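Working notes for the structure below.
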Amino acid sequence: MQDARAHFVLVGGGLAGALLAAGLGQDGYRVDLFERRSDPGAGNFVGGRSINLALSARGIHALEQLGLADEVLADAIPMHGRMIHGRDGSLHRQPYDRDPSRHINSVGRAVLNRVTIAAARRLPNVNVHFNHRCVDVDTDRPAARFVREETGEAVEVAGDAVIGVDGAYSAVRRALQRQERFDYSQQYLAHGYKELTIPPGSGGEFLMERNALHIWPRRSFMMIALPNPDGSFTCTLFFPFEGPLSFAALRSPSDVESLFSREFPDAVPLMPTLLDDFFTNPTGSMVTVRCAPWHAGGRVALLGDAAHAIVPFFGQGANCAFEDCDELRRCLRERDSREQAFAEYQRRRRPNSEAIADLAIANFVEMRDKTAAPAFRAYKMLERRLHGWLPGVFVPLYTMISFTRIPYAQARARAKRQEQLLIVGTAALLLILLWIALLIVRCVWPAGG
Ligand SMILES: Cc1cc2nc3c(=O)[nH]c(=O)nc-3n(C[C@H](O)[C@H](O)[C@H](O)COP(=O)(O)OP(=O)(O)OC[C@H]3O[C@@H](n4cnc5c(N)ncnc54)[C@H](O)[C@@H]3O)c2cc1C
């Protein structure tokens, strides 16, 4: 049990930082949350990343712990499955689960951030400071150094612990990297992403199926679209940075038009601002970050993307970061010292973040390539059937990741075992069928007959 009077300095008021501030605040700690951007409550939200994201069981559970889930989900759009768009305009629906009521949720980042920031601010022991960019951390004292964005003034804030919740390019992690024996790796994808828009129809209606995550899988690249409450869709094109078919090769409006009319012909008529969006919106990169340790004694810790940025293809980065928040608070409650709590938090969470990092990369191949293949569709159907016939015994990986809170590492290991069993079972079935066929042949044409 920790000293509730301890003072936490949180660096980064994005998705996880705001939730953590609200959680630690509810636990009675004194919290100062510093964010380099301006106040999203004042209408200044700059997402920096995608406009909306998929929120599922893990993220919802963490929000529920703070009584915030209903408020966030009030604005969410349920997505019950994937809608696959062929080049010929054909549509194929792939439910996420055999239970049709199970769904993931398209949620605006701005809403999520506003709700969690507001929850933190309601607490008298939490102070939120915008326009403060962290430039360094003294990991011994510990103290974080900031520059006020509007004035350039330097500010130093000491606390009992500094927590880096400042995303994939974390300044707090940079400070930890100066320590001896700090492991660090980052791996960029060869693909980047660009956000585009399908606006609502003239009456505010959705111009495609509302309750689905749309995918245009094209083997080496893909486009996806998630619905927004105003009837629009945010599309994201995942495309190679370099090469003959790449962002670098799309130089003129006619290059873009010809790519889109060849690859996404059904989407083009719905995208009146395609060229504007394409040439105005930035091209983002996607990185997997792995590092250890996630803490320096009980003085500094990392959480969310700062500790383990992952690529977005399982829709789990924020969900995983929210789970981190829950686990860190649990460890603080359960352990006698902050150092023990931080060490235990890392012990519990790191194998899971490693697992979801690998699964997210693998899911990119599944989404952009396999979802279009008939064999894959048959496999998904078989998975759903097995899930129905053997509930609790066979649970598809997607279900475990998105609709349960089974730790990611356990889910990955179990999915691997299930896949092996499926392969062995299918091989055994084929052998039995072959044996029966041979028996029939021998009955019809007896030896020597
Ligand atoms: C294209 C894309 C789609 C995604 N889709 C999904 C999805 O569908 N579902 C899902 O769960 N996840 C998704 N993610 C992942 C998700 O966005 C991240 O995992 C999540 O935002 C991590 O939260 P965080 O708080 O750790 O980091 P962030 O949300 O990045 O927040 C970090 C905050 O720290 C602030 N900051 C940074 N540096 C400093 C500094 N020096 N000083 C002060 N403040 C600083 C930033 O301004 C920011 O507000 C997606 C990511 C991308 C790129």
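For ligands, and for the atoms within them, numbers begin at 1 and follow the listed sequence. This is a predicted model, so every value here is computed, not measured.
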*Is there a donor-acceptor pair under 3.5 Å between the side chain of N105 and the backbone N or O of A76?*
no
*In a check of side chain to side chain donor-acceptor pair (under 3.5 Å) between H7 and each of N125, D160, D32, which one passes?*
D32
*Would you say A321 has any N or O atom under 3.5 Å from an N or O of ligand 1, going by distance alone?*
no
*asked:* Between F241 and Y188, is the ring centroid distance below 6.0 Å?
replied: no
*asked:* Please report whether ligand 1 has a polar contact with A54, defined as an N or O pair separated by less than 3.5 Å (distance criterion only).
replied: yes
*Taking distance alone, with no angle check, do G315 and ligand 1 share an N/O pair under 3.5 Å?*
yes
*Shortest heavy-atom approach to atom 20 (C) of ligand 1 - which of V172, N319, D305*: D305
_Just checking F233 against F206, ring centres under 6.0 Å apart?_
yes
_If you take the nearest heavy atom of each of R109, E149, H129, which one is closest to atom 51 (C) of ligand 1?_
R109
*Does any N or O atom in V11 lie less than 3.5 angstrom from one in ligand 1, N or O only?*
no
*Does Y193 approach ligand 1 within less than 4.0 angstrom via side chain, backbone, both or neither, non-hydrogen atoms only?*
side chain
*asked:* Can a side-chain donor-acceptor contact be found between T280 and D276 if the only test is distance below 3.5 angstrom?
replied: no
*Which of the atoms of ligand 1 are close to G304, meaning less than 4.0 Å from one of its heavy atoms?*
26 (O)
_Any H132 heavy atom less than 4.0 Å from ligand 1_ = yes
_My understanding is that we take every heavy atom of each candidate and find the minimum distance to atom 30 (O) of ligand 1. Doing that for G192, G14, G167, which one comes out nearest?_
G167
*Check the pair Y345 / W294 against ring-ring contact (aromatic ring centres under 6.0 Å, His included), numbers first and verdict last.*
CA-CA 9 Å; Y345 149 76; W294 286 0; 5.6 Å; yes
_Between H61 and Q65, a side-chain donor and acceptor under 3.5 Å_ = yes
_R37 and ligand 1 - part of the residue with a heavy-atom distance under 4.0 Å_ = side chain
*asked:* Any nitrogen or oxygen of A16, side chain or backbone, less than 3.5 Å from one on ligand 1?
replied: yes
*With the threshold set at 4.0 Å, does a side-chain nitrogen-carboxylate oxygen contact exist between D136 and R178?*
yes
_Looking at ligand 1, would T236 count as a contact under a 4.0 Å heavy-atom criterion?_
no
*Counting each atom of ligand 1 from 1 as listed, which ones have a heavy atom of V165 under 4.0 Å away?*
32 (C), 33 (C), 34 (O)
Donor-acceptor list for residues 89-96 side chains, cut-off 3.5 Å, not counting sequence neighbours:
{"residue": "S90", "atom": "OG", "partner": "D88", "partner atom": "OD1", "Å": "2.7"}
{"residue": "Q94", "atom": "NE2", "partner": "T371", "partner atom": "O", "Å": "3.1"}

